[in-house]
Amino acid sequence: MLTTNDVAKCEAWFDSHGLPYFVESGHEAIQRSLVPRTVGLWAALASAPAVLVTVVALNLEAGPGEAVAAGLLTAAVVALGRAVRVFRVGRIGRWALAHAWENRSLIGPLATRALPFLLLFITFLFINTEVWQVSAALPRPLLWVCVGIFALLAVAFLAPSFRSEIERVGAEVEGEMLAATCVGTPLASAAREILAEPHLATEVAGIRLPPLQRRNLMLMLFIAQAIQMLSLVLIVFGFFVVFGSIAIRPSVIETWVGSPPHYTGPLHLVSDELFSVAVFLSAFAGLYFTVQAVIDQNYRREFFTRIQDDLQRAIGVRKVYVALRAHLAADRAA
């Protein structure tokens with residue numbers, strides 16, 4: 001049966017496979033960080049620099065809207081930094097990046113289906129006066145707030161499909177499949193021993209993922225999907241920057257926005273106005289790609305088929321890990 005050394009190996013396996021919440025100590029640490037008192041303390045700490053930035057922006061004669069947007073952006077950055085640390089996003093991100101690289105071939109078919117119509121439609125927006133006026137009038141903090149809104153909408157579109165997929169995969173990991181999912185992991189032999197004991201097999205079959213560990217799997221899926229979407233967004237952004245630098249002359253920009261283009265840096269290659277338009281339309285394109293990924297059955301089937309084995313393995317190993325940790329605890333108590 002499982003020993004204390006096997007537990008340590010299994011927890012190291014969880015960490016290396018983007019599953020830090022599956023480790024009991026990590027799970028408990030995250031739960032402590034989500035206690036209302038701790039959350040309130042960090043909310044207060046995030047609000048302090050936000051208020052400071054807002055006051056400084058007002059003293060620098062920025063408009064109220066710009067100052068508030070700068071403060072909100074500062075609070076969001078502080079909160080995001082804290083969330084990345086607490087929720088071990090770095091460990092999950094490393095696994096998701098490796099997975100996205102292994103499955104980079106998925107990007108091509110989605111791009112060939114989504115890009116042509118999107119570029120045809122969005123290029124007309126790119127040469128539209130109103131889009132340039134709206135984008136140029138947005139202060140840089142508000143521009144990034146808009147990008148964040150598009151990102152939140154994308155998450156809202158993806159969440160239901162990810163949740164249903166995790167539910168479906170979790171229900172399938174029982175019996176012989178439990179042993180199959182543990183092959184090549186530190187718990188392979190323990191899984192076989194469990195199947196040989198009917199009472200243990202019944203006990204393991206009843207184990208379900210708690211909410212926090214479901215969120216670990218959701219975060220894995222989100223990051224893996226986001227890396228693929230970001231690749232397409234960068235393609236669109238690069239296209240608009242290059243196309244705009246060639247086709248949209250400074251005199252045209254001045255006619256559209258009512259003032260000469262502004263440049264950041266000495267090279268004067270990409271105007272601030274062109275950068276803002278490219279970022280705004282690329283963020284919109286990212287939302288379009290996300291919707292396309294949700295409704296495109298071929299892409300969904302390919303994406304979930306390739307990641308299904310990882311989900312099943314994570315759920316199967318976790319079931320065996322929880323059951324045998326309980327078994328070890330009972331042996332110590334006896």
Side-chain angles (χ1 to χ4, degrees), residues 12-23 26-27 29-30 33-34 76-108 110-111 114 144 147-170 209-237 282-283 285-294 296 299-315 317-318:
W13 184 90
F14 282 141
D15 271 339
S16 65
H17 286 75
L19 300 163
Y21 306 178
F22 282 50
V23 178
H27 183 267
I30 293 171
S33 299
L34 295 177
V77 169
V78 173
L80 184 62
R82 170 65 178 169
V84 166
R85 180 178 176 83
V86 167
F87 294 109
R88 277 76 164 172
V89 175
R91 299 180 192 179
I92 301 173
R94 283 195 296 271
W95 174 88
L97 188 61
H99 180 273
W101 176 252
E102 291 173 3
N103 295 280
R104 58 191 181 277
S105 59
L106 281 176
I107 298 176
L110 179 63
W144 294 117
V147 171
I149 291 172
F150 284 132
L152 289 175
L153 287 173
V155 168
F157 281 121
L158 290 172
S161 61
F162 286 171
R163 192 177 297 114
S164 63
E165 192 65 23
I166 290 171
E167 291 286 345
R168 182 187 67 80
V169 170
L209 286 178
L212 191 59
Q213 293 174 355
R214 290 171 191 255
R215 292 189 185 104
N216 192 158
L217 296 180
M218 290 277 285
L219 196 53
M220 286 172 58
L221 292 172
F222 276 127
I223 295 176
Q225 184 82 79
I227 291 171
Q228 294 184 358
M229 295 300 104
L230 185 60
S231 302
L232 295 173
V233 166
L234 290 176
I235 292 172
V236 174
F237 175 78
S282 298
L287 179 60
Y288 175 84
F289 285 136
T290 302
V291 174
Q292 187 71 19
V294 171
D296 188 326
Y299 174 81
R300 283 191 65 188
R301 184 169 56 253
E302 284 289 324
F303 179 79
F304 284 120
T305 297
R306 298 191 185 196
I307 207 169
Q308 178 174 292
D309 290 343
D310 295 308
L311 294 178
Q312 288 178 334
R313 186 176 298 111
I315 294 171
V317 172
R318 192 260 171 189

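Any value given below was found using the heavy atoms of this structure, including those in side chains, with hydrogens, waters and symmetry copies removed. Positions are given from 1, in the same order as the sequence printed here.
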Option from Ile166, Leu158, Asp310 for which side chain to side chain contact (heavy atoms under 4.5 Å, CB included) with Leu221 holds: Ile166

Once you round to the nearest 0.5 Å, how far does CD1 of Ile235 lie from CG of Leu230? 10.0 Å

For Met229 and Thr290, which heavy atoms make the closest approach, and how far apart are they? SD-N, 3.8 Å

Residues that Ala285 engages under side-chain contact (heavy atoms from CB on, under 4.5 Å), provided they are two or more places apart: Leu118, Ile122, Val236, Phe289

Got a sec, which residues hit side-chain contact (heavy atoms from CB on, under 4.5 Å) with Arg94, two or more places apart in sequence or on another chain? Arg91

Looking at CH2 of Trp95 and CG of Leu19, how far apart are the two atoms once the value is rounded to the nearest 0.5 Å? 8.0 Å

Contacts satisfying salt bridge (Lys or Arg N to Asp or Glu O under 4.0 Å) that involve residues 221-234 (not counting sequence neighbours) are none

For Ala283 against Val147, the heavy-atom pair lying closest together: CB-CG2, 4.0 Å

So which atom in Ile92 and which in Pro20 form the shortest heavy-atom distance, rounded to 0.1 Å? CG1-CD, 3.8 Å

Who pairs with Val317 by side-chain contact (heavy atoms from CB on, under 4.5 Å), at least two apart in sequence or on another chain? Cys10, Trp13, Phe14, Cys182, Thr185, Leu187, Arg313

May I have the step-by-step check of side-chain contact (heavy atoms from CB on, under 4.5 Å) for Phe162 and Gln225, ending in yes or no? CA-CA 10 Å; Phe162 286 171; Gln225 184 82 79; 3.8 Å; yes

Name all pairs fulfilling the salt bridge (Lys or Arg N to Asp or Glu O under 4.0 Å) condition that reach into residues 219-237, sequence neighbours left out, sorted by first residue then second. none

Hey, is the main chain of Gly18 close enough, under 3.5 Å, to the side chain of Asn216 for a donor-acceptor pair? yes

Ala159 meets the side-chain contact (heavy atoms from CB on, under 4.5 Å) criterion, sequence neighbours left out, with Arg163, Met218, Phe222

4.5 Å side-chain heavy-atom contact, Gln312 and Ile315: no

